[in-house]
Amino acid sequence: MNFAVFIISHKRADRVQTYHALRTAGYTGQIYVVVDDEDPQLDKYKELYSKELIIFAKNDYISKVDTIIRTNQKSSPIYARCFVEYTAKEYKLDAFMMIDDDMPTFRYRWVDGDKARSLSMKIGMDDVLRLYAQYIIDNNIAVTSFVHTMFYVAGVHGLDRRITEQRELNGVFIRNTKFNVDWVGIMRHDMIANLLTAKRGYIWWALPFVVFETLPMNEVGVNEGGMKETYDMLNHYRRSFLGVIASPNCCKIGCANGRIKISCDWSKVYPKIISGRYKREG
């Protein structure tokens, strides 16, 4: 199987934590660190990653990407995501992983009786990614992912239901190249791409055997570099409302714990299979 990992990074040349986490977890395959040609730390990236670095021309993708709202803000991974989709096909990959740069740890998770156990990954990432990729190819799934460590915060009670409903992915995208995914929106592009492609029958489904860790919850947008400039520019309401614009039939804006948040009725997203008994005769 032709497979590679693409780590999207911006202004974090000395803090591409995901690269080191993958190698520590036992991944020996191809990794590409993807940065744009306007990154002010470009020389540092070249020094650190050399032949594993891919530099793309951001302006070539400005006109190709639907940001939903008019903006001159270029600090968004949406351009890199579209570049990676194109590059994966150009490299004739069967599957690939597209992942953010701020993940310091991967852990195995499993159920042991009424407990959820975990173990830091020191070996096995080669086999994990091979099996995840083979799974989505064999089952015609567009995207799978690891789950965030918060997935297990409620323990094992109701885990079967949570696994079944775990369709919204973020940060880690293991892609089946056979399916074309359009990344849309200056922000919330992971959720929006999920919504728009799910309506076409694409399946996004996280598998819960590996968890990743990032910043603590409620600290989104505080890590220097990356999308921080865009987070600073767009408040909670504006970036949440992008989902409503993209899919108004199932998304709405609300308020929870004093914060404006978007909520989505996923029952209105996925195509329904209608029983054959409703088939018109003749």
Side-chain angles (χ1 to χ4, degrees), residues 1-9 16-34 49-54 81 84-85 87-113 115-153 156 159-160 162-179 181 190 194 202-214:
M1 180 191 301
N2 292 328
F3 183 88
V5 172
F6 297 88
I7 300 175
I8 293 173
S9 188
V16 185
Q17 299 179 73
T18 305
Y19 180 94
H20 305 290
L22 286 170
R23 293 303 191 201
T24 298
Y27 181 65
T28 62
Q30 181 66 61
I31 295 179
Y32 298 107
V33 177
V34 178
Y49 297 102
S50 184
K51 296 180 181 180
E52 294 178 298
L53 184 68
I54 299 180
R81 295 204 191 285
V84 168
E85 291 284 338
T87 303
K89 287 184 168 54
E90 184 181 36
Y91 288 4
K92 294 180 169 44
L93 300 178
D94 300 302
F96 62 95
M97 173 191 271
M98 185 192 308
I99 188 168
D100 294 347
D101 63 1
D102 58 349
M103 299 179 186
T105 307
F106 298 102
R107 302 183 67 86
Y108 293 112
R109 293 303 303 259
W110 71 95
V111 174
D112 179 12
K115 304 289 185 181
R117 306 293 186 187
S118 75
L119 183 67
S120 180
M121 290 188 70
K122 302 297 183 184
I123 59 173
M125 185 60 87
D126 279 343
D127 289 333
V128 166
L129 292 180
R130 176 180 57 81
L131 291 169
Y132 269 60
Q134 195 63 57
Y135 174 78
I136 61 175
I137 290 172
D138 291 346
N139 293 280
N140 287 319
I141 293 172
V143 194
T144 189
S145 178
F146 305 149
V147 294
H148 193 276
T149 186
M150 296 302 294
F151 179 82
Y152 283 91
V153 72
V156 299
L159 190 61
D160 290 343
R162 294 201 302 277
I163 291 172
T164 302
E165 296 176 353
Q166 189 64 22
R167 299 296 184 88
E168 187 176 354
L169 317 183
N170 61 81
V172 179
F173 308 96
I174 302 172
R175 290 271 296 103
N176 184 344
T177 317
K178 183 173 72 174
F179 295 90
V181 171
D190 44 7
N194 192 340
Y202 288 16
I203 298 174
W204 295 49
W205 195 358
L207 298 174
F209 312 112
V210 175
V211 301
F212 64 91
E213 297 178 0
T214 54

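These values consider heavy atoms only, across backbone and side chains, with no hydrogens, waters or symmetry-generated copies. In what follows, residues are counted from 1 in the order of the sequence shown.
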Query raised in the report: Roughly how far, to the nearest 0.5 Å, is CZ of R167 from CH2 of W204?
Result: 12.5 Å
Report task. Measure the CG-CD distance between L22 and Q17 for me, rounded to the nearest 0.5 Å. Result -> 12.0 Å
Requested in this report: Using a 4.5 Å cut-off on heavy atoms from C-beta on, say whether the side chain of M103 contacts that of V172.
Outcome: yes
Requested in this report: Would you verify whether the NZ or CZ of R162 falls within 45 degrees of the ring axis of F151 while also being under 6.0 Å from that six-membered ring's centre?
Outcome: yes
Query - Approximate separation, where rounding is to 0.5 Å, of I99 CD1 and I174 CD1 - result: 8.0 Å
Query raised in the report: Tell me, do T18 and F106 make a side-chain contact under 4.5 Å, heavy atoms counted?
Result: yes
Query - Spacing of CE belonging to M98 relative to CD1 belonging to I8, to within rounding of 0.5 Å - result: 5.0 Å
Query raised in the report: Just by modelled atom types, is the I163 backbone N or O under 3.5 Å from a matching donor or acceptor in the W205 side chain?
Result: yes
Report summary line: Taking every heavy atom of M1 against every heavy atom of A133, the minimum-distance pair comes out as SD-CB, 3.6 Å
Query raised in the report: Does D126 use its side chain to pair, donor to acceptor, with the backbone of T28 at less than 3.5 Å?
Result: yes
Query raised in the report: Does D127 have any side-chain hydrogen bond (donor to acceptor under 3.5 Å, both in side chains) partners at least two apart in sequence or in another chain, and if so, which?
Result: R130
Query raised in the report: A206: what forms a side chain to side chain contact (heavy atoms under 4.5 Å, CB included) with it, not counting sequence neighbours?
Result: S145, V147, Q166, L169
Query raised in the report: Is any side-chain heavy atom of V5 less than 4.5 Å from a side-chain heavy atom of Q30?
Result: no
Query raised in the report: With a cut-off of 6.0 Å (strictly less than), are more than 12 heavy atoms of other residues, nucleotides or ligands near CD1 of I123?
Result: no
Query raised in the report: Is a side-chain N or O of T177 found less than 3.5 angstrom from the main chain of L93, in a donor-acceptor match?
Result: yes
Query raised in the report: Are Y49 and Y19 close enough that their ring centers fall under 6.0 Å?
Result: yes
Query - Exercise: identify the closest heavy-atom pair between N140 and N176 - result: CA-ND2, 4.5 Å
Query raised in the report: Which heavy-atom pair separates V111 from G113 by the least distance, and what is that distance?
Result: CG1-O, 3.4 Å
Report summary line: Rounded to the nearest 0.5 angstrom, the OH-CG distance for Y108 and L119 is 8.0 Å
Query raised in the report: Relative to the ring of F6, is the ring of F96 parallel (under 30°), tilted (30 to 60°) or perpendicular (over 60°)?
Result: perpendicular
Query - Beyond-backbone contact of V210 with R107, side-chain heavy atoms, under 4.5 angstrom - result: no
**Report entry** Quiz item: cation-pi between R109 and Y152, 6.0 Å / 45°
**Finding:** yes
Query raised in the report: What's the verdict on side-chain contact (heavy atoms from CB on, under 4.5 Å) for K178 and I137, showing C-alpha distance, side-chain angles and the deciding distance?
Result: CA-CA 8 Å; K178 183 173 72 174; I137 290 172; over 6 Å; no
**Report entry** G29 to R23 - nearest heavy-atom pair and separation
**Finding:** O-NH1, 2.9 Å
Query raised in the report: Once you round to the nearest 0.5 Å, how far does NE2 of H20 lie from CG of D101?
Result: 10.5 Å
Query raised in the report: Are Y132 and F146 an aromatic pair by the rule of ring centers under 6.0 Å?
Result: yes
**Report entry** Nearest heavy-atom neighbours spanning V181 and R175
**Finding:** CG2-CZ, 3.5 Å
Report task. Measure from the side-chain N and O atoms of N139 to the backbone N and O of Y135, and report whether any donor-acceptor pair falls under 3.5 Å. Result -> yes
Query - V34/V84 under side-chain contact (heavy atoms from CB on, under 4.5 Å): CA gap, chis, key distance, verdict - result: CA-CA 8 Å; V34 178; V84 168; 4.1 Å; yes
Query raised in the report: Would you say the side-chain atoms of K122 pair up with the backbone N or O of T24, donor to acceptor, closer than 3.5 Å?
Result: no
Report task. Before accepting this row, confirm whether a basic side-chain N of the pair R81/D100 lies closer than 4.0 Å to the acidic partner's carboxylate O. Result -> yes
Query raised in the report: E52 and I31: which non-hydrogen atoms are nearest, and at how many Å?
Result: CB-O, 3.5 Å
